[in-house]
Amino acid sequence: MKEVDEIPQEKEPGSAAMIATLGLAGFLSGVILVSVFLYTRPIIAENKAQALRAAIFEILPGTEHYEAMELTDGTLKLVKGSSDEENVVYFGYDPEGRLTGVAIPGAEPGYQDLIHVIYGYRPEEGVITGLKVLESKETPGLGDKIIKDADFQSNFDALKVEPTIEVVKKGEKNSPNEVEAITGATISSKAIGRLLQLSVEKWKTPIDGYLKEDPKEIAPHEN
């Protein structure tokens with residue numbers, strides 16, 4: 001009988017070759033990820049800066065320009081270079097140079113993740129005059145109502161900061177220092193109230209001190 005030719009067996013790649021291939025793939029993936037990050041980082045930063053600028057003009061009606069002020073050793077100073085964003089607020093001014101208010105950014109953990117906001121503050125009246133959510137990952141249809149619910153947003157049209165900011169249940173608001181929570185989104189509502197109270201505790205004294213040393217003419221409050 002004719003012998004059947006044996007089918008040649010392919011050599012399995014050695015462990016060194018496999019490691020080299022995986023290493024090369026990992027290296028190329030890393031290069032791609034880093035390249036995408038470096039390319040998108042300035043774009044993301046510019047988008048955030050534009051959103052911040054738009055929010056400042058929105059929560060401080062009548063503002064034509066603003067100045068960034070940094071908290072350093074308990075004192076507010078004009079930002080002239082790089083700064084710690086967590087310690088910067090924005091003083092808004094109308095065309096006549098009168099103070100329209102102070103825009104104060106802040107963040108606090110919500111139900112899903114950090115909630116980033118910026119709010120308008122009138123130090124001479126001791127009231128918050130507007131709030132804008134800059135970034136939130138709260139539950140769609142519930143927690144995201146802190147952005148979409150007009151009744152909730154109306155809490156911040158003239159919210160008194162003294163004696164303290166309190167969050168109350170829907171329909172139980174009786175005082176100008178109270179925030180009426182959203183039904184079904186209590187955690188997100190309380191996060192906003194807590195954020196504002198902690199922020200006011202941090203910023204009220206430095207702002208009052210700065211305005212005492214450098215008094216500003218106050219612009220009329222525009223709704």
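As a basis for the values below, the full set of heavy atoms in this structure was taken, side chains included, without hydrogen atoms, waters or symmetry mates.
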For [X], side chain to side chain donor-acceptor pair (under 3.5 Å) partners two or more places apart:
X: N177; value: none
X: K204; value: D208
X: R53; value: E46
X: E217; value: none

> What pairs meet the ring-ring contact (aromatic ring centres under 6.0 Å, His included) rule with one or both residues in residues 126-149, with sequence neighbours excluded?
Replying inline: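 Sorted pair list comes back empty.
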Tell me, please, which residues at least two apart from [X] pass salt bridge (charged side-chain N to carboxylate O under 4.0 Å, His left out).
X: D214; value: K216
X: E178; value: none
X: E213; value: none

Mind listing the side-chain donor-acceptor pairs of residues 146-156 below 3.5 Å, one per line with the distance, residues two or more places apart or on another chain?
| residue | atom | partner | partner atom | Å |
| --- | --- | --- | --- | --- |
| K148 | NZ | D144 | OD2 | 3.1 |
| D149 | OD1 | D151 | N | 2.9 |
| D149 | OD1 | F152 | N | 2.9 |
| Q153 | NE2 | I146 | O | 2.6 |
| S154 | OG | D151 | O | 2.5 |
| N155 | OD1 | K173 | NZ | 3.3 |
| N155 | OD1 | E180 | N | 2.9 |
| N155 | ND2 | F152 | O | 2.9 |
| N155 | ND2 | E180 | O | 3.2 |

Side chains of residues 113-128: which donor-acceptor pairs under 3.5 Å do they make with residues two or more places apart or in other chains?
| residue | atom | partner | partner atom | Å |
| --- | --- | --- | --- | --- |
| Y119 | OH | S199 | OG | 2.7 |
| R122 | NE | E124 | OE2 | 2.8 |
| R122 | NE | E125 | OE2 | 3.3 |
| R122 | NH1 | T100 | O | 3.2 |
| R122 | NH1 | A219 | O | 3.2 |
| R122 | NH2 | E124 | OE2 | 2.9 |
| R122 | NH2 | E125 | OE2 | 3.2 |
| R122 | NH2 | A219 | O | 2.9 |

Identify each donor-acceptor pair in which a side-chain atom of residues 131-138 lies under 3.5 Å from a protein atom, sequence neighbours left out, and give them as a table.
| residue | atom | partner | partner atom | Å |
| --- | --- | --- | --- | --- |
| S136 | OG | E138 | N | 3.2 |
| E138 | OE1 | Y111 | N | 3.3 |
| E138 | OE1 | Q112 | N | 3.0 |
| E138 | OE2 | Y111 | N | 2.8 |
| E138 | OE2 | S188 | OG | 2.6 |

> Under the side chain to side chain donor-acceptor pair (under 3.5 Å) rule, what pairs show up with a residue in residues 159-170, not counting sequence neighbours?
Replying inline: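 Side chain to side chain donor-acceptor pair (under 3.5 Å) check on residues 159-170 returns T164-E166.
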